[in-house]
Amino acid sequence: MVQDEDRSAIIHELANAFAQRTDIDELIPYVAQRLRQVLPARGVSLLLLDEARNELEFAYNSEDNTEAGQRLAGMRMPADHGVAGAVLRNRAPELIINAQHDERHYSDIDRQTGISTGPMLAVPLLAGERRFGVIEAVRPSGEPPFSDEDMAMLVQLGPHIAIALENAGRFGAMKASADKLRAEVGALRRQLARHDLFSEIIANSPAMLEMFNLMEAAAAASISVLIEGETGAGKELVARAIHRTSDRAGGPFMALNCAAIPDGLMESELFGHRRGAFTSALEDKPGLLRVASGGVLFLDEIGDMPMAMQPKLLRALEEQEVTAVGDTRTHKIDVRVLSATNRDLEAAIEENKFRKDLYYRLAAFPIRVPPLRDRREDIPALALLFLERAAARYRKRIDRLTPEALDMLTNAEWPGNVRQLQNEIDRAVVIARNGDAIGPHHLSREPAIAGIRREAARAGAPANGSVAMPAPIATKQQSLNDRLAACARNIIAEALLQHKNNVSRTAQSLGISRITLQKKMKEYSLRTPPGSPRNSIT
Ligand SMILES: Nc1ncnc2c1ncn2[C@@H]1O[C@H](COP(=O)(O)OP(=O)(O)OP(=O)(O)O)[C@@H](O)[C@H]1O
Ligand SMILES: [Mg+2]
């Protein structure tokens with residue numbers, strides 16, 4: 001049938017395969033299939049020795065009859081039973097003309113498969129002293145027996161298979177320990193990251209600690225996360241923290257504010273474009289989905305994603321494939337999407353302003369960032385953190401809040417959430433003098449904070465985080481001059497803040513000269529932060 005050269009070529013090929021492949025689960029089926037091309041058989045089986053239980057297990061078979069194959073798979077027999085047992089015990093191969101006439105034949109197998117075994121070849125798999133199992137080729141009763149050449153071929157392959165099994169054992173153990181190591185490193189990294197998170201994201205309240213648990217779960221899985229929460233609540237902070245503590249931490253974090261991109265440019269922004277695809281497309285541009293490949297794309301204000309883009313985005317995410325505007329080629333991507341919204345997307349779905357299918361794709365794992373008023377326990381720590389940062393930024397020696405100020409802050413409504421608190425502290429630090437403790441008179445008057453709340457409620461819109469004009473709180477001990485000075489100081493500080501510390505524009509808005517303004521700033525120890533725009537004084 002098969003020429004000798006062919007056989008030696010195949011043995012050579014199989015020997016090479018053993019040397020090159022390490023994955024035994026791929027190797028064995030490949031060898032069995034290849035063998036059966038030169039050695040017609042009903043099936044080839046690999047029986048592995050389980051030394052602990054002293055059993056032989058049908059670890060692999062390539063039975064013609066798949067049902068029989070399935071019944072055979074995983075079957076076990078005592079290691080000293082059957083022809084295989086004898087072959088292993090004697091460490092010698094056997095060629096059997098008809099198994100039905102061999103008393104050693106383990107007839108349970110025929111009962112299991114429903115097929116009567118005839119001719120057989122069985123070769124022990126040995127590597128040095130070690131016995132790994134037996135490889136068998138079988139034909140049904142009535143078929144011609146295997147030839148001596150068939151047996152010679154299987155015998156030549158035996159040691160290769162045995163060594164591959166031995167290597168696989170070593171490799172498997174190595175891989176297991178590498179996997180274990182990787183898992184341990186991952187867990188440690190997450191633990192460290194959690195520590196890191198705690199130091200950057202203030203979370204003392206039960207509401208935030210609960211969210212931390214969700215964030216950890218989200219970081220560990222590569223799942224789409226939708227971060228919901230009011231304006232300024234910390235949604236972006238949460239998104240960045242999830243990225244930093246995830247397996248993709250080494251990959252990019254690309255953020256796209258959907259509200260800031262004109263509808264017409266959204267497709268090119270996400271998918272990229274070819275040069276010349278439209279008039280302003282002077283260069284090829286890859287698009288954020290490709291740039292974020294291997295990492296995370298953060299879609300901020302996802303509720304503003306144009307309706308027309310939503311199906312395209314959904315398809316790109318499901319297929320992990322993009323086509324640039326003006327291009328025909330597709331590019332594979334590997335992107336995890338985190339998105340954020342302060343709108344009620346389910347309501348948007350009702351109003352047909354957001355597609356349900358995209359929503360379900362993006363909101364596989366929703367996380368809600370609680371508003372600041374629902375976690376007042378966090379306010380003192382947040383206020384101190386922001387105080388420390390502002391003092392460093394404005395180079396002021398201010399490190400305390402009076403209990404009264406803290407009380408005011410803790411009880412305010414904060415429609416602009418954490419960002420508003422941050423702005424409030426910034427403002428107070430600008431107003432306060434070196435060495436001061438931040439007191440109520442440095443803060444927007446409590447009625448002012450309350451005023452924002454009422455205004456916001458009336459307008460039905462969230463406050464943008466800016467705070468109302470401060471008014472100094474006069475105390476009985478202060479002279480008129482002191483009170484006027486405090487008032488002027490507050491007005492100047494507020495104007496500076498409003499004009500981003502630009503002295504010329506601030507002076508203009510107050511109707512005084514730059515020189516006068518600079519003198520007043522010196523007098524009131526008002527300084528602009530280093531690195532702020534031209535015209536700042538230092
Ligand atoms: N728990 C927190 N600990 C420390 N800083 C915080 C915390 N939450 C928010 N911040 C800070 O508050 C500011 C607002 O947070 P962020 O930009 O993440 O909010 P957002 O929900 O994305 O706001 P918007 O709705 O306006 O986009 C940021 O400067 C952020 O660093
Ligand atoms: Mg944001």
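Along the sequence shown, residues carry numbers from 1. All values derive from a computational prediction rather than experimental measurement. Remember, it's 1-based here, ligands and their atoms both numbered in the order they're listed.
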CA sep, side-chain torsions, deciding dist, call: Asp436, Arg433, salt bridge (Lys or Arg N to Asp or Glu O under 4.0 Å): CA-CA 6 Å; Asp436 278 357; Arg433 291 168 210 251; 5.1 Å; no
Neighbour count >12 (heavy atoms, 6.0 Å) for atom CD, Glu319: yes
Electrostatic pair Asp300-Lys235, nearest N-O below 4.0 angstrom: no
Ile201: numbered ligand 1 atoms lying under 4.0 Å from its heavy atoms: 1 (N), 2 (C), 3 (N)
Contact check: Arg389 vs ligand 1, nitrogen or oxygen atoms, below 3.5 angstrom: no
Test item: side-chain donor near acceptor, Asn417 and Glu230, under 3.5 Å: yes
Rounded distance [0.5 Å steps], CG in Asp357 versus CZ in Arg315: 10.5 Å
Glu301-ligand 1 polar pair, N/O distance under 3.5 Å: no
Test item, Arg240 contacting ligand 1 (heavy atom, 4.0 angstrom): no
Under 3.5 Å: donor-acceptor pair, side chain of Gln310, backbone of Arg355: yes
Protein contact to atom 8 (N) of ligand 1 [nearest heavy atom, distance to 0.1 Å]: Leu237 CD2, 3.6 Å
Side chains of Ser224 and Arg336, donor plus acceptor under 3.5 Å: no
Residue pairs involving residues 226-278 (criterion ring pair (Phe, Tyr, Trp, His ring centres under 6.0 Å); sequence neighbours excluded): His243-Phe253, Phe253-Phe298, His273-Phe278
Ligand-residue contact atoms, ligand 1 with Leu382, heavy atoms, under 4.0 Å: 2 (C), 3 (N), 4 (C)
Distance from atom 20 (P) of ligand 1 to nearest protein heavy atom, with residue and atom: Lys235 N, 3.4 Å
Closest protein heavy atom (residue, atom, distance) for atom 13 (C) of ligand 1: Gln422 OE1, 3.5 Å
Donor on one side chain, acceptor on other, Thr516 and Ser513, under 3.5 Å: yes
For Thr231, the ligand 1 atoms whose distance to one of its heavy atoms is below 4.0 Å: 25 (O), 26 (O)
N or O pair under 3.5 Å between Val418 and ligand 1: no
From Arg290, Arg274, Arg275, Lys285, residue fulfilling salt bridge (Lys or Arg N to Asp or Glu O under 4.0 Å) relative to Asp327: Arg274
For atom 4 (C) of ligand 1, closest protein heavy-atom neighbour: Glu200 O, 3.4 Å
Nearest-contact summary for atom 26 (O) of ligand 1 - protein heavy atom, Å: Arg419 NH1, 2.8 Å
Option with minimal heavy-atom separation from atom 16 (P) of ligand 1, where the choices are Gly234, Gly232, Ala203, Ala241: Gly234
Those atoms of ligand 1 less than 4.0 Å from some heavy atom in Met208: 1 (N)
Ala233 heavy atom under 4.0 Å from ligand 1: yes
Atom 3 (N) of ligand 1: the protein heavy-atom neighbour that sits closest, reported with distance to 0.1 Å: Ile202 N, 2.9 Å
